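One structure is given below, encoded as structure tokens.
Everything numeric in this text was worked out from a predicted model, so none of it was measured.
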Amino acid sequence: MTQKRIAIVTGVTRLKGIGKAICTELANQGNDIFFTYWRDYDKTMPWGVEDNEPDLIQEEIKSKDVKCEKIELDLSKEESVTLLFNRVEEQLGNPSILVNNAAYSTYTDIDNLTSDELDKHYHVNLRGTILLSLEFIKRFKTGKHGRIINLTTGQSLGAMEKEIAYAVTKAAVESFTKNIQHEIAFKNITINTVNPGMTDTGWMDHNLKENYIKLFPKGRFGQPSDAAKFNCISSK
């Protein structure tokens, strides 16, 4: 088991989500967990969310003999960054792991993309990731090994149909990661982006599964636990 550390994981609202799986894997390694969630977003999505899912996630994490705290937070609001880190330090201590998993995604193409919808993607996917990372770096205690992991997607590998706003904001996260890594190495912080690929978290309908399953050599889609294991290997 690795030495116990404190991990912040954003975007942990649903039991079937990647965020929950990351929290579980980190807890299995003995790390204390602080996660954020935002039910208002998931309630507008086809997959939906039950109000008690964050509570159930917290209970499961605590059952692994680690501490687990949470906060419902709209990460599109700039003030949420300071609020989050203040709360983590008050309840658990100084974090050494940050997983930027929270994302905003709606179908956007050349016919329906508006400035308002573009802003919503930018505020969560890019600005939120950058500001959270910078706050983590600013507050990081020297003498530790820090890890920042940014969840991205396959936008650099090919076009994403009807996902213009999501794809361009996530692509910018990759650029941010590349351009900041050399500046934080002196603080013993490493930063990576992780692309989990097409993961079955409940968002795919039957037709989409039928169309894409043939592209997977093992005949199955990625599961949240697959993404979590890769993220948590990177967090050591």
Side-chain angles (χ1 to χ4, degrees), residues 6-14 17-20 22-23 33-55 57-58 68-108 112-140 146 148-153 163-177 179-180 184 189 191 193 201 203:
I6 298 167
I8 299 174
V9 185
T10 65
V12 187
T13 307
R14 300 190 301 121
I18 291 176
K20 185 263 185 182
I22 292 173
C23 287
I33 307 296
F34 195 108
F35 69 84
T36 74
Y37 61 101
W38 187 243
R39 288 171 294 188
D40 284 357
Y41 167 71
D42 287 279
K43 286 180 179 179
T44 66
M45 296 293 106
W47 51 79
V49 65
E50 298 295 330
D51 281 335
N52 67 339
E53 289 190 47
D55 291 334
I57 293 170
Q58 184 180 29
C68 181
E69 302 294 342
K70 66 183 190 306
I71 186 172
E72 187 157 27
L73 209 56
D74 182 357
L75 293 175
S76 70
K77 307 297 184 184
E78 187 173 352
E79 59 270 21
S80 294
V81 174
T82 301
L83 174 60
L84 171 59
F85 279 87
N86 286 345
R87 189 68 61 86
V88 174
E89 291 179 356
E90 290 168 4
Q91 296 186 338
L92 294 180
N94 186 254
S96 56
I97 301 169
L98 170 65
V99 182
N100 286 308
N101 171 69
Y104 181 91
S105 175
T106 58
Y107 288 125
T108 52
N112 71 357
L113 180 55
T114 63
S115 61
D116 180 61
E117 197 61 27
L118 183 59
D119 283 346
K120 290 178 181 178
H121 284 78
Y122 162 75
H123 286 150
V124 176
N125 298 346
L126 181 56
R127 190 182 72 169
T129 293
I130 292 175
L131 293 180
L132 286 166
S133 298
L134 295 178
E135 190 70 13
F136 175 88
I137 295 163
K138 181 175 73 174
R139 299 193 187 208
F140 184 74
I148 302 173
I149 301 170
N150 298 323
L151 271 291
T152 183
T153 187
E163 292 274 7
I164 295 175
Y166 179 74
V168 297
T169 51
K170 280 295 190 176
V173 171
E174 288 189 10
S175 178
F176 166 69
T177 300
N179 281 279
I180 197 176
I184 62 177
I189 301 173
I191 182 169
T193 55
T201 61
W203 63 274

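Remark: side-chain polar atoms of Asn112 are paired, donor with acceptor, to backbone N or O of Tyr107 under 3.5 angstrom. For Thr108 (side chain) and Leu113 (main-chain N/O), no donor-acceptor pair under 3.5 Å exists by modelled atom type. In this structure, the side chain of Asn125 engages the main chain of Tyr104 through a donor-acceptor pair within 3.5 Å. With hydrogens and angles disregarded, a donor-acceptor distance shorter than 3.5 Å links the side chain of Gln58 to the backbone of Cys68. Between the side chain of Thr82 and the main chain of Glu79, no donor-acceptor pair closer than 3.5 Å is present.
Atom-to-atom distance recorded for Phe136:CZ and Ser96:OG is 6.0 Å, nearest 0.5 angstrom. Rounding to the nearest 0.5 angstrom, the gap separating the CZ atom in Phe34 from the CD1 atom in Ile71 is 5.5 Å. Considering CZ of Arg87 and OG1 of Thr36, their distance stands at 12.0 Å, rounded to 0.5 Å. With rounding to the nearest 0.5 angstrom, the CZ atom of Phe176 is 8.0 Å from the OG1 atom of Thr129. To the nearest 0.5 angstrom, Thr177 atom OG1 is 4.5 Å from Ile191 atom CD1. One finds the NZ atom of Lys170 at 6.0 Å from the OG1 atom of Thr152 (value rounded to the nearest 0.5 Å).
The two atoms that bring Ala102 and Leu75 nearest to each other are CB-CD1, 3.7 Å, heavy atoms only. Between Tyr41 and Ala103, the closest heavy-atom pair is CE2-O, 3.8 Å. Ile33 and Cys23 make their closest contact through CG2-SG, 3.7 Å (heavy atoms, listed as atom of the first residue, atom of the second, distance). The minimum heavy-atom distance between Ala165 and Leu118, with the atom names listed, is CB-CD1, 4.0 Å.
Looking only at side-chain heavy atoms (C-beta outward), Ile6 and Ile97 stay at 4.5 Å or farther from each other. Taking 4.5 Å as the limit, some side-chain heavy atom of Phe85 sits within range of a side-chain heavy atom of Leu132. Looking only at side-chain heavy atoms (C-beta outward), Ile180 and Ile148 stay at 4.5 Å or farther from each other. Taking 4.5 Å as the limit, some side-chain heavy atom of Asp55 sits within range of a side-chain heavy atom of Lys70. You'll find the side chain of Met45 reaches within 4.5 Å of the side chain of Thr106, heavy atoms only. The side-chain heavy atoms of Phe140 and Pro95, taken from C-beta on, include no pair separated by under 4.5 Å. For the pair Glu72/Arg39, a side-chain contact is recorded, criterion being any heavy-atom separation below 4.5 Å from C-beta on. Here the side chains of Ser133 and Asn150 are in contact, with some heavy-atom distance below 4.5 Å.
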Could you go through Leu98 and Ile149, starting from their C-alpha distance and side-chain angles, then the distance that decides it, and tell me whether this counts as side-chain contact (heavy atoms from CB on, under 4.5 Å)?
CA-CA 6 Å; Leu98 170 65; Ile149 301 170; over 6 Å; no
- Item | Thr193/Leu151 under side-chain contact (heavy atoms from CB on, under 4.5 Å): CA gap, chis, key distance, verdict | CA-CA 6 Å; Thr193 55; Leu151 271 291; over 6 Å; no
key: Worked verdict on Thr13 versus Glu53 for side-chain contact (heavy atoms from CB on, under 4.5 Å)   = CA-CA 7 Å; Thr13 307; Glu53 289 190 47; 5.9 Å; no
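Under 3.5 Å, the side chains of Ser105 and Glu163 contain a donor-acceptor pair of N or O atoms. Between Ser80 and Asp74, the side chains place no donor N or O within less than 3.5 Å of an acceptor N or O (distance only, hydrogens not considered).
Heavy atoms from other residues, nucleotides or ligands lying under 6.0 Å from NZ of Lys43 number more than 12. A 6.0 Å sphere centred on CD of Glu50 holds no more than 12 heavy atoms belonging to other residues, nucleotides or ligands.
Aromatic ring pairs are classed by plane angle as parallel below 30°, tilted from 30° to 60° and perpendicular above 60°; the pair Tyr166 and His121 is perpendicular.
Sorted by first then second residue, the salt bridge (Lys or Arg N to Asp or Glu O under 4.0 Å) pairs that include residues 124-135, not counting sequence neighbours, are Glu135-Lys138, Glu135-Arg139.
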